[in-house]
Amino acid sequence: MAARSFRNDVHLSGLFGSGKYFSMENHPMNKSTSPIAPAKTQSMQDLIAEHSAWTAKAVSSGGEERIARQHALGKLTVRERIDYLLDDGSFREYGRFASHYTSEIPVVDTITPSDGVVMGFGLIDGRHVCVVGEDFTVKGGSHGVINARKKLHAIQMARRERVPLIWLLDGAGARGQELMNDGLPDVTHFLEQARLSGTAPQIGLVLGPCAGDSALVAAGSEFVVMRKDTSMMAAGGPPVVKAATGIEVTKEELGGSSIHTRLSGVADNEAETDEKALDLARSFLSYLPGNAWSWPERGVPAEPEKIDINEIVPVQKRRAYDMKLLIRGIVDDGSFLEIKPEYARMMITGFARMDGHPVGVIANQPMVHAGAITTAAAKKAQHFVELCSAYHVPLVFLEDVPGVMTGPQAEKAGTLRAGLSLVNSLAWSEVPKVTIVIRKAFGFAACAMAGWGGEQSYVAAWPTADFASLPVSGGVAAAFKREIEAAPDPIQAQLDIEARYAGGTGPYNAAARFTVHDVIVPEETRGRILHALSLARSRRTQQPAPVAKYGVAP
């Protein structure tokens, strides 16, 4: 369904006038009644017993039958998810006794438990977080007036207290009974979510079929995980699609995890189970500070995986290799968390640790389109640069890029603008950067992968590096077109000219022109990166703050 609002003050006029949901005219206090006998005095034990009854109802979700149905789908309930996610015993719930919007005075038997959304604060690895979890067993986790008010309040509190916000999304969209005729939709909660972005991490875990507002909240998060088979993200679910277009479509075909983690890029990672999705959230937060006013915390140092890094890259320039193997040979063993692993696979992005310190890794993947930068690859890298910049995580670029993808389809997809958007994000990124040129570094694509002049702490090339503003073959064909065509043997003429220029594309020519700091052998890579990052930490002379952005991105 279409997006609806988290209204903070919606319909409150009805509390004091003739609002459409409530009228003082009908309030029990306004009715002509005969004198009421004094209420029986209650003891503290009576009040405690009453509190226990309210509590039992508030945490009962949709009842045993609906909870059993949730379990039958292989899903945890919202409270089970929260218990699994947070440190033991740390959850403190806010709005436990909230119920659906009504003009009636609530009683235990008629309340809607937590109005279908559980929110509160807890700890992950000893650090405070805010959690908002939709309860599919209560009205399908739908988005009603009080439900929305709690969600908006959670965003505002997370922003005020400067703590990460984790969404456990399993909601069916707007609740028609309450929001179908509520006037012009309120944009407040989307603005508040945008204002929180970059100041404290936001995670959206899509664990069920989410339509409308729940899907939009997930898409607005900084890290999005979708549960395989059970989740969906869509502006409107299959019934809405059929009503609007006549097209019959399944949840998976419309907006399942394979759509959004592989094709659209709206979601980042896919998880097999609720537990694995929750584990990803904890892992993601471990690389980031609690907010943008803090530095990332150092973890336990470890040596890299035992890989012979000297043997990974073939000396034959046209032979592919797996860049992920190279990454694992540089970073702390077991620390690499890839972000968007199935989307734009020619570009690799992810978090890792080096000597315990968090870093962001951006690398080209020669096994997919030779590592060329496409529109999707540029957008993927841009988002990751901005994420790392917001939370002060240093960036390590591993470059092997033949260029920006060209051709009619690439131009129709806006590759030029997407590539420039990546460079724009680098312009406002003040985190330490290290660039290692592994093999190819051609043209504007090399610039977008933090080429020379990117204010790096260190730039180095391997002996296999190959530099140029244009690849020699294409550059010669363009620059010497007439000479080649006029030659008795054009093919041989082109080969001869290419041979004249081939020697100038290697790493030592680049070093001679001081467009790299050094040429290093592969096994030196980790040590030189560690030195550069250690040097860069000298900049930390005061507490960090959120990153300012200016200009208009391409």
Side-chain angles (χ1 to χ4, degrees), residues 309-323 325-326 345-347 363-375 377-378 397-413 415-416 418-420 435-453 459-522:
I309 198 170
N310 290 334
E311 297 299 321
I312 294 175
V313 179
V315 293
Q316 298 89 345
K317 295 180 180 180
R318 292 185 178 274
R319 282 187 57 193
Y321 62 94
D322 189 354
M323 181 66 83
L325 187 62
L326 193 156
R345 293 184 302 112
M346 67 290 297
M347 183 73 77
N364 310 108
Q365 175 57 287
M367 297 186 74
V368 182
H369 296 321
I373 295 179
T374 63
T375 298
F397 290 84
L398 301 175
E399 212 176 314
D400 188 349
V401 61
V404 172
M405 188 64 75
T406 189
Q409 288 303 116
E411 299 309 330
K412 290 174 184 176
T415 307
L416 289 176
L420 282 168
T435 301
I436 307 294
V437 180
I438 308 300
R439 199 160 58 177
K440 301 178 295 295
F442 292 159
F444 173 66
C447 300
M449 288 295 293
W452 182 254
V459 182
W462 281 16
T464 47
D466 189 12
F467 299 90
S469 291
L470 283 171
V472 168
S473 57
V476 165
F480 297 92
K481 181 179 178 181
R482 290 185 180 178
E483 183 179 334
I484 291 169
E485 290 176 346
D489 185 347
I491 294 176
Q492 187 58 49
Q494 180 166 339
L495 292 174
D496 290 343
I497 297 171
E498 287 177 7
R500 293 206 315 258
Y501 284 90
T505 64
Y508 299 103
N509 183 57
R513 296 172 184 274
F514 198 54
T515 58
V516 297
H517 290 133
D518 202 359
V519 180
I520 60 175
V521 296

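As the structure is a prediction and not an experimental result, all values here were calculated from the model. Computed over heavy atoms, backbone and side chain alike; hydrogens, waters and symmetry mates excluded.
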Is the shortest heavy-atom distance from the side chain of Trp462 to the side chain of Val519 under 4.5 Å? no

Atom of Ala370, atom of Pro402 and distance for their closest heavy-atom approach: O-CD, 3.1 Å

Between CD on residue Glu411 and OG1 on residue Thr375, distance to nearest 0.5 Å: 8.5 Å

With rounding to the nearest 0.5 Å, note down the distance linking CD in Gln409 to OG1 in Thr415. 10.0 Å

Spell out, as yes or no, whether a donor-acceptor pair under 3.5 Å connects the side chain of Thr464 to the backbone of Val315. no

Could you give the distance from NZ (Lys440) to CG (Asn364), rounded to the nearest 0.5 Å? 8.0 Å

Taking the side chain from Thr515 and the backbone from Trp452, do they hold a donor-acceptor pair closer than 3.5 Å? no

Smallest heavy-atom separation, Ile520 atom then Ala460 atom, equals CD1-CB, 4.0 Å

Run Val437 and Phe467 through side-chain contact (heavy atoms from CB on, under 4.5 Å) and show every step you take. CA-CA 9 Å; Val437 180; Phe467 299 90; 3.8 Å; yes

Does the side chain of Ile436 come within less than 4.5 Å of Glu399's, by heavy atoms? no

Looking at every heavy atom in both Val401 and Ala372, which two are closest together, and how far apart are they? CG2-CA, 4.4 Å

Answer yes or no: is there an ion pair linking Asp466 with Arg439, defined by an N-O contact shorter than 4.0 Å? no

Looking at every heavy atom in both Arg345 and Val368, which two are closest together, and how far apart are they? NH1-CG2, 3.7 Å

Heavy-atom closest pair, residues Ala465 and Pro507: O-CD, 3.4 Å

Compare all side-chain heavy atoms of Val404 with those of Phe442 and state whether any distance is below 4.5 angstrom. no

Counting heavy atoms not belonging to His517, are there more than 12 under 6.0 Å from its NE2? yes

Are Asp400 and Gln365 linked by a side-chain donor-acceptor pair shorter than 3.5 Å? no

Counting distance only, does the side-chain N/O of Thr435 pair as donor-acceptor with the main-chain N or O of Phe397 below 3.5 Å? no

To the nearest 0.5 Å, tell me how far Met367 CE sits from Met323 CE. 12.0 Å

Show your working on side-chain contact (heavy atoms from CB on, under 4.5 Å) between Met347 and His369 and close with a plain yes or no. CA-CA 10 Å; Met347 183 73 77; His369 296 321; over 6 Å; no

At their closest point, which heavy atom of Ala320 faces which heavy atom of Pro366, and how far apart are they? CB-O, 3.9 Å

Does any non-hydrogen side-chain atom of Phe444 lie less than 4.5 Å from one of Ile373? no

